Amino acid sequence: MATTLTINGSDHRIDAPDDTPLLWILRDELGMTGTKFGCGVGSCGACTVHIDGEAMRSCQVALGDVWGDVTTIEGLGTPDAMHALQAAWLRNQVAQCGYCQSGQIMQAADLLSQNPDPTDDEIDAAMSGNLCRCGTYSRIRAAIRDAATQMREEVL
Amino acid sequence: MSRLGTITRRSFLVASAAIAGGVAFGIYKLRQPIPNPLDPGEGSALNAFLVIDQDGVTAISGRADMGQGAQSTLAMLLAEELDVDWESVRVAHGPASVAYYNAAMMESALPGAEYNKSSWMRTVGAFVGNAGGRFLGTQITGGSTSVRDGFDKMRLAGASARETLKLAAAERLGVAADRLRTEAGAVVAPDGTRLPYAELAEAAARIEPPQTEPRPRADWRLLGKDQPRRDMAAKVTGTQAYGIDTRLPGMKFASLRMNPRLGGGLRGFDPAPALAIPGVEQVLDIDGGIAVVARNSWAAMQGAQAVDCDWGPAPYPDTTEAIFARIEAAFDDSPNSTMRDDGPEAQDGTEITAEYRLPYLAHAPLEPMNATALFEDGRLTLWSPNQAPLVQQRTAARGAGIEPEQVTVHTTAMGGGFGRRGESDYSELAARVARQMPGVPVQVIWSREEDMTHDFYRPGVIARLRGVVADGTAKQLDARIAGQGMTAQVAPRLFDIPVGGPDRALVEGLFDQPYAIPSYRVRGYTAEMDFPVSFWRSVGASHNGFIHESFIDELAHAAGRDPMEFRLDLVRPESAVAAGVLEAVRAMSDWDNARASGRALGVAMVWSFGTPVAQVIEVEDQDGAIRIARAWIACDPGIALDPLNLRAQMEGGLIFGLSAALHGQITVSDGMVEQWNFPDTDGLRISGAPRIEVQVLETNPHLGGVGEPGTPPAAPALANAIFALTGTRARELPLDRQFDFVL
Ligand code: FES
Ligand code: FES
């Protein structure tokens, strides 16, 4: 049965079983590999995307259950037109292997959309579902604060 | 043959003369230049380490990126000499070739403590490193050696290329080469004429490259200053392609299931339940397990789970208790090594004894094991995130039933490695799948569960220690450690060479620490078992750092001394460099100012991979649970070539060590690993990560590594802080089995 999803603003017709997790639709059926597979059980956050603006673990959402527009890291910004968070990640040189960072950035985008000026404790609480095996946490905190400042200034 | 074809077969200058560095090779084969492996297509390869084409300069790294940033540092070494804008430099991984042998890796495998190697030992070491590295083809990313190995190579490659480009420009302009200068990717004539390198490269490739000394440090404009990593923009936009992101036309996805009793056989299987799953196309016997080929990874993983398999027994004791009983029994044999044997056995004073037990550990890089392979016309092409391309080539050839020369290896970026991707099982298995589906590219992707239960684990160990203190200092430290010998397993598996004799990996971090203890003895006892083990970030120092630095802390308390002062008294006479990092964390952490009650500090210092690292951790009591509040790190790698990345590695190393200390363990029951996924053995999360400060000292006369040395002090610094807070000494890990934490 074909399903139509709106991903990063474009419609995609997908002919795959309804119970296939969104993660694998993105990566394998559509070739959008920016969203990563780390655990498959909702415990690492590498697969985080937005559904109607809210951060979700795409390995835990079946194709048939996707309830809104999907945004992936590719839709957040591009190397030539980065989102404020990506630019902050670049300024703060956050990534080591980088594999977790798509998920980290998508999670952080959700945080800042709800809380434009988070404290370190609020950052920690929001980001603790995203595992980084390389241990980039200090720079993640710094980049989120940096992006928050930039984004608030842009609004003013 | 085209001109480019001829050029790429030119011998490259660097390894043929400059790297020999005055060491007289007596063996003919070593005198032969290694052919340049690069085929740059449209561009010109002036040597094995750079390609210049119309778009500019690409630095070719012989080392892989698993997050440690070495590719960026290697490119910086080249760019420093070549006079190109940092922002314009691209970085690519070189092909599988002996041209990229790692001399520093071989050198560091030799016996002896790094901190007090004499100059003749270093000369012999460099010789053995070069000779052994070339013969064995050790193109390996590991042992924190990439930059140590590349420090001269990349600068000489850049300097020589720069001078060659000047010669080409001199010829073109009719001006003497010494009147030309270089800047921002161009040769500049006295009259201001600029000739971009791209315009000169082809002519330059025909000129015999001169040998040039690298520039003095005072002239550096890139090195030693914070530079952005070249891969950062791709990594924050989801556009960095890791192995798992390889996509080829017509590619299938496969997932596998190997015997959970590691190394056991497959007696039979029923594919029917898997074939009933939509999207599953076939089930393959891959010797010791099955692979399910499907339209996407999900269907393949579901299918692999569904196959009904009849597994053979485990070739090792089938519980953790039985494995540790075997380790314990090794103490009854004669020692495999006695790498430290200083002073008389008997000392007067107060005797302290302790036994430490550390668990097996999984590597668990965030990108699960995977490799993509295409078998076509008797040749195999492999896309593999890996730390050792020549090993991949050999083992993938075995998997495909062909010769290594028939295998092309593309080394992709890695979503972490930590030693796991120095192994090559995942590529051999991918080759076994690909050979059964000629002409069809296939990505073989492991589930996290398959990854965690089929690792080559950091060995579990038991250590028995005896110490004597008197007059407020340590008079004796006698350490005996038993565990599986890693080297004896890894060398035949990866290099087809049997390695017997003393196993350095088991005792490193224990025998080679810079403490002036008059009676100091370290013996290793190896337990023979076929439970798969391998190198894990910081290798032996990952367990021995904990054992040594926890026991030093025990001795300090037994001697009634402050643990920092106790250490400094013992370290100062042995190594001013090591004392320096201790003094630095003492100041940074304000160690000498007592903390309020409910807070405590712990310190540890470990010298590994050429770099001493001291860490202080501050813990606090929060309603009976322990919170890891802050951490201070001081290291001394000699020169901070790439300081921004160096600090990141120190922080990452600490977090990696804390993750293992808090949660890390692999246990076995019924022959099978009991931890399947992150919920079973988690990594530290941001909410449990301390605030970290890093200071880099530059007094070490020798360049040290940065990717691993940050890990070993983390666990003992934490355990020592916990002792200071609670009075309970942790002699086993992980700590979450013994203490409550706020994480
Ligand atoms: S892959 Fe989805 S949370 Fe880990
Ligand atoms: S940067 Fe490697 S897992 Fe986070």
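Chain naming here is simple, since letters A, B, ... match the order of the sequence lines and numbering starts at 1 in each. As the structure is a computational prediction, the values presented were derived from the model and not from experiment.
The side-chain heavy atoms of F418(B) and C134(A), taken from C-beta on, include a pair separated by under 4.5 Å.
Residue M452(B): no heavy atom, backbone or side chain, is found under 4.5 Å from chain A. For a residue to count as touching a neighbouring chain, one of its non-hydrogen atoms must lie under 4.5 Å from one of that chain's; by this rule W446(B) touches chain A with the backbone only. Contact of E449(B) with chain A is made through the side chain alone, with heavy-atom distances under 4.5 Å. Residue A234(B): no heavy atom, backbone or side chain, is found under 4.5 Å from chain A. Of the atoms belonging to R229(B), heavy atoms from both backbone and side chain fall under 4.5 Å from chain A. The part of E29(A) that comes within reach of chain B is its side chain, from C-beta onward, which places non-hydrogen atoms under 4.5 angstrom from that chain. If you measure heavy-atom distances from I25(A) to chain B, you find no contacts under 4.5 Å at all.
The distance from atom CG of N92(A) to atom CE of M232(B), rounded to the nearest 0.5 Å, is 9.5 Å. Rounding to the nearest 0.5 Å gives a distance of 7.5 Å between CD1 of I692(B) and CZ of R141(A). Here the SG-CH2 distance, from C39(A) to W676(B), works out to 15.0 Å after rounding to the nearest 0.5 Å.
In terms of heavy-atom proximity, D65(B) sits nearest to Q96(A) at OD2-O, 4.5 Å. Of all heavy-atom pairs spanning G38(A) and F678(B), the tightest one is O-CE1, 3.9 Å. Scanning all heavy atoms of the two residues, the minimum distance from R295(B) to D15(A) falls at NH2-O, 2.8 Å.
For D69(A), there are no salt bridge (charged side-chain N to carboxylate O under 4.0 Å, His left out) partners, not counting sequence neighbours.
Salt bridge status for K36(A) with D245(B): present, with a side-chain N to carboxylate O gap under 4.0 Å.
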